[in-house]
Student: 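Dropping a structure here in structure tokens format, bear with me for questions.
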Amino acid sequence: MSDLAVPLESIRACLQGVIPSPLATCAADGTPNVTYLSIVQYVDRERVALSRQFFNKTRANLDANPRAQVRVVDPETLQDFVLDLSYLHTETEGPVFERMRANLDAVASQTGMGEAFRLRGVDVCRVTRSAAVGPAPAAPAPQPEDRAIARLDDFVRRVSQCPDYDDATRVALQALDDLFGFSHAILLVADERGDRLFAVGGNGYPAPSAGAEIAVGEGIIGIAAQRREVVCVPNLARSRAMRAAVRESVEDRGGRLPGREIPLPGLADAQSAAAVPLILRGRLTGALYLESDRPGRFGGHNERLLRIVGGHLATALALLAAERHDAPDAGAPAAAAAGASEPSAVPGTAPLAVTYYQADDSVFVDGEYLVKGVPGRILWRLLGEHARHGRTAFTNRELRLDESLGLPAGADNLEARLLVLRRRLDAAGCGIGLRRTGRGRLELAVEGAAQLTEVPTTGPMRAAHESR
Amino acid sequence: MTTPPALRLDPHVVAFLARGVAIVAATRDADLQPEITRAWGPAVAQDGAAVTLCLGDPPGARTRANLERNGAIAATFSLPTTYRGVQLKGTATAVGEPTETDLERMREHVAAFADEVAQVGIAPGRAMRFLDDRVLAVTFTVAEVYDQTPGPRAGAVLG
């Protein structure tokens with residue numbers, strides 16, 4: 001145990017950067033300096049790490065005189081705490097540095113700040129004294145660890161009772177809402193090449209999230225995925241204001257910020273956000289994105305919880321996706337053919353005009369964009385079979401083995417792709433439906449007749465298409 | 001205490017200090033241990049060479065003792081909505097109880113500050129939580145002025 005009057009563990013909510021923390025140092029000649037820090041990060045019971053980005057005077061002062069002081073603020077009560085610090089050393093690699101860098105890079109990427117916001121190092125300091133400023137408010141009852149564990153237990157149990165992949169994605173997002181109050185969430189899955197993430201489902205949004213795509217390495221979600229770190233942005237308004245200030249500063253020097261602000265997939269007025277990478281055996285399998293209309297909802301105080309949730313989700317989803325819920329193999333095509341029926345034209349309705357563009361596997365129905373990429377290719381294959389042979393029943397197995405779909409061997413993502421496709425079709429209400437009729441079985445429903453048009457490409461996009 | 005030559009604040013800086021800026025001040029003791037306090041109600045002397053502030057003086061704070069012993073002070077003024085910031089460094093010439101004028105100026109500044117932080121999501125009533133029950137008035141001559149806006153320009157000498 002440390003002998004700090006206010007244990008650092010008890011003020012972790014202050015150490016997440018919702019409210020800027022002033023830091024004071026002092027030069028050898030006795031001149032004080034006071035500036036604001038981006039992040040004061042909890043390291044352990046006795047140490048904190050300070051983000052070092054811009055402040056050169058602080059750097060020089062700490063080298064000459066290790067004594068410093070920082071004030072941190074509880075975002076809920078606005079209670080100030082003062083920490084006397086003794087500078088120990090600067091780290092430019094390692095877990096503390098990487099965690100902080102992922103957070104700052106995510107904000108920089110999200111807001112298009114680029115290099116101007118780069119983390120140069122973390123200054124690790126020993127906390128020699130901690131105290132509440134002014135009359136300390138009644139200490140909030142520390143949340144017993146049991147409670148968090150009970151909720152995690154509930155989460156794990158709910159997810160583990162799910163019979164299949166679809167169910168698990170839905171139940172997991174709902175459970176995050178019920179148990180932890182994370183009421184806006186999007187689940188994304190990494191594509192086969194691992195350079196993009198696509199949303200398979202969301203909770204708490206008016207519009208369906210399925211199908212939205214994010215590039216790995218871009219924005220809050222992309223950086224979390226790329227660095228394999230939980231990224232928490234406790235105060236998006238502060239990040240945006242910071243961006244404006246940095247831009248002004250850069251432009252005054254005749255420079256220009258390289259990036260643009262990247263649209264977030266969720267709430268227009270999100271105040272805080274977190275992105276949790278889903279990692280399985282060292283491989284990125286997806287990401288969980290959470291946001292809130294309240295600042296400070298995510299930060300150091302729940303980062304560990306998010307890491308556990310992400311770890312469990314990655315494992316659970318991978319197991320469900322890998323389980324071959326394939327229909328019995330007894331002559332799959334024959335079994336499928338049993339579900340065949342003549343495409344019946346409904347009298348008086350115009351046929352659905354379905355157009356498929358090879359260039360990006362996009363599918364349009366009656367001129368409206370529906371879906372693209374692998375789900376687009378799958379839909380095109382199903383519609384083709386339906387048109388040619390009147391089939392309506394299909395199996396996951398035949399899709400997995402269909403070379404023309406270009407799924408990678410193993411095809412762990414087929415479930416996720418089918419889920420995106422089904423949700424896109426549900427949301428579009430375009431007259432085409434796809435539903436599960438049992439383990440590993442699908443049924444295609446087309447209202448009336450469909451008129452299929454394939455638009456080939458011979459240009460460079462074709463090459464990209466084929467390299468997949 | 002020796003007083004370095006004062007400079008005169010640029011009118012742009014004076015106008016900036018009159019806005020709803022957040023103010024933090026730092027002093028230090030004989031061991032060069034710095035001490036932070038929040039500050040309110042800035043006033044710039046007619047000739048632009050001295051600034052008066054009301055400094056929070058909560059129980060246990062070392063600010064007053066530091067100022068009485070060595071006078072060294074730095075204060076950073078930062079606008080919560082834009083992150084523009086300016087830091088002044090100088091030497092205290094007077095430390096004492098605030099006058100009614102000081103307190104009136106402090107109340108006006110607090111109101112402007114509350115308007116500012118309301119725009120970044122802190123309800124005005126809650127912003128009052130930052131106020132200290134006890135304040136002391138400090139006047140210091142300004143020896144150095146720095147741009148404290150985050151970015152590559154941070155720390156550049158102004159004026």
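Numbers restart at 1 for each chain; the letters A, B, ... are given by sequence-line order, proteins then strands.
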Student: Which one wins on heavy-atom pair count under 4.5 Å against chain A: B/Glu144, B/Arg84, B/Glu35?
Tutor: B/Glu35

Student: What part of A/Val70 is in contact with chain B, defined as an atom under 4.5 angstrom from a non-hydrogen atom: side chain, backbone, both or neither?
Tutor: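 The backbone, not the side chain.
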
Student: Side chain, backbone, both or neither: which part of B/Asp31 has a non-hydrogen atom closer than 4.5 Å to chain A?
Tutor: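 Looking at B/Asp31, backbone and side chain both touch chain A.
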
Student: Checking B/Ala30 against chain A: side chain, backbone, both or neither under 4.5 Å from a heavy atom?
Tutor: neither

Student: Heavy-atom distances under 4.5 Å only: say whether B/Thr81 touches chain A with side chain, backbone, both or neither.
Tutor: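 Only the backbone of B/Thr81 comes within 4.5 Å of chain A.
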
Student: Could you check whether A/Arg67 makes a cation-pi contact with A/Tyr87, meaning its NZ or CZ is under 6.0 Å from the centre of the six-membered ring and within 45° of the ring axis?
Tutor: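 No.
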
Student: Determine the interplanar angle of the B/Trp40 and B/Phe113 rings, folded into 0 to 90°, and report it as parallel if under 30°, tilted if 30 to 60°, perpendicular if over 60°.
Tutor: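 The rings of B/Trp40 and B/Phe113 stand perpendicular, inter-plane angle above 60°.
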
Student: Hey, which of B/Val95, B/Leu53, B/Thr93 is the one that makes side chain to side chain contact (heavy atoms under 4.5 Å, CB included) with B/Phe140?
Tutor: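 Filter result, single survivor: B/Leu53.
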
Student: May I ask you to check whether A/Phe182 and A/Phe298 place their ring centres under 6.0 Å from each other?
Tutor: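 Yes, ring centres under 6.0 Å apart.
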
Student: For the candidates A/Ala28, A/Pro66, A/Pro22, which exhibits the highest count of non-hydrogen atom pairs separated by less than 4.5 Å from chain B?
Tutor: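 Highest number of pairs under 4.5 Å: A/Pro22.
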
Student: Under a 4.5 Å heavy-atom cutoff, which of B/Thr27, B/Val24, B/Leu32 has the most pairs with chain A?
Tutor: B/Leu32

Student: What part of B/Arg134 gets closer than 4.5 Å to chain A, counting heavy atoms only: side chain, backbone, both or neither?
Tutor: neither

Student: Given a strict heavy-atom distance threshold of 4.5 Å, which part of B/Ile73 is in contact with chain A: side chain, backbone, both, or neither?
Tutor: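 Just its backbone gets close to chain A.
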
Student: Heavy-atom cut-off 4.5 Å, strictly under: side chain, backbone, both or neither for B/Gln33 against chain A?
Tutor: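 It is both, since atoms from each part get that close.
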
Student: Check whether more than 12 heavy atoms from other residues, nucleotides or ligands sit under 6.0 Å from atom CZ of A/Arg12, and answer yes or no.
Tutor: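 Enclosed.
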
Student: Are A/Thr90 and A/Asp123 close enough that a side-chain donor and a side-chain acceptor fall under 3.5 Å?
Tutor: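 The answer is yes; a qualifying pair exists.
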
Student: Looking at CD of A/Gln69 and OG of A/Ser21, how far apart are the two atoms once the value is rounded to the nearest 0.5 Å?
Tutor: 12.0 Å

Student: Relative to chain B, which segment of A/Ala131 carries a heavy atom at a distance below 4.5 Å: side chain, backbone, both, or neither?
Tutor: neither

Student: Using distance alone, with no hydrogens and no angle criterion, decide if B/Asn66 and B/Thr63 have a side-chain donor and acceptor under 3.5 Å apart.
Tutor: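 There is no such pair (donor and acceptor under 3.5 Å, judged by atom type) between the side chains of B/Asn66 and B/Thr63.
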
Student: Which answer fits B/Pro34, side chain, backbone, both or neither, if we ask what part of it has an atom under 4.5 Å from a heavy atom of chain A?
Tutor: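 When you check distances to chain A, atoms from both the backbone and side chain of B/Pro34 fall under 4.5 Å.
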
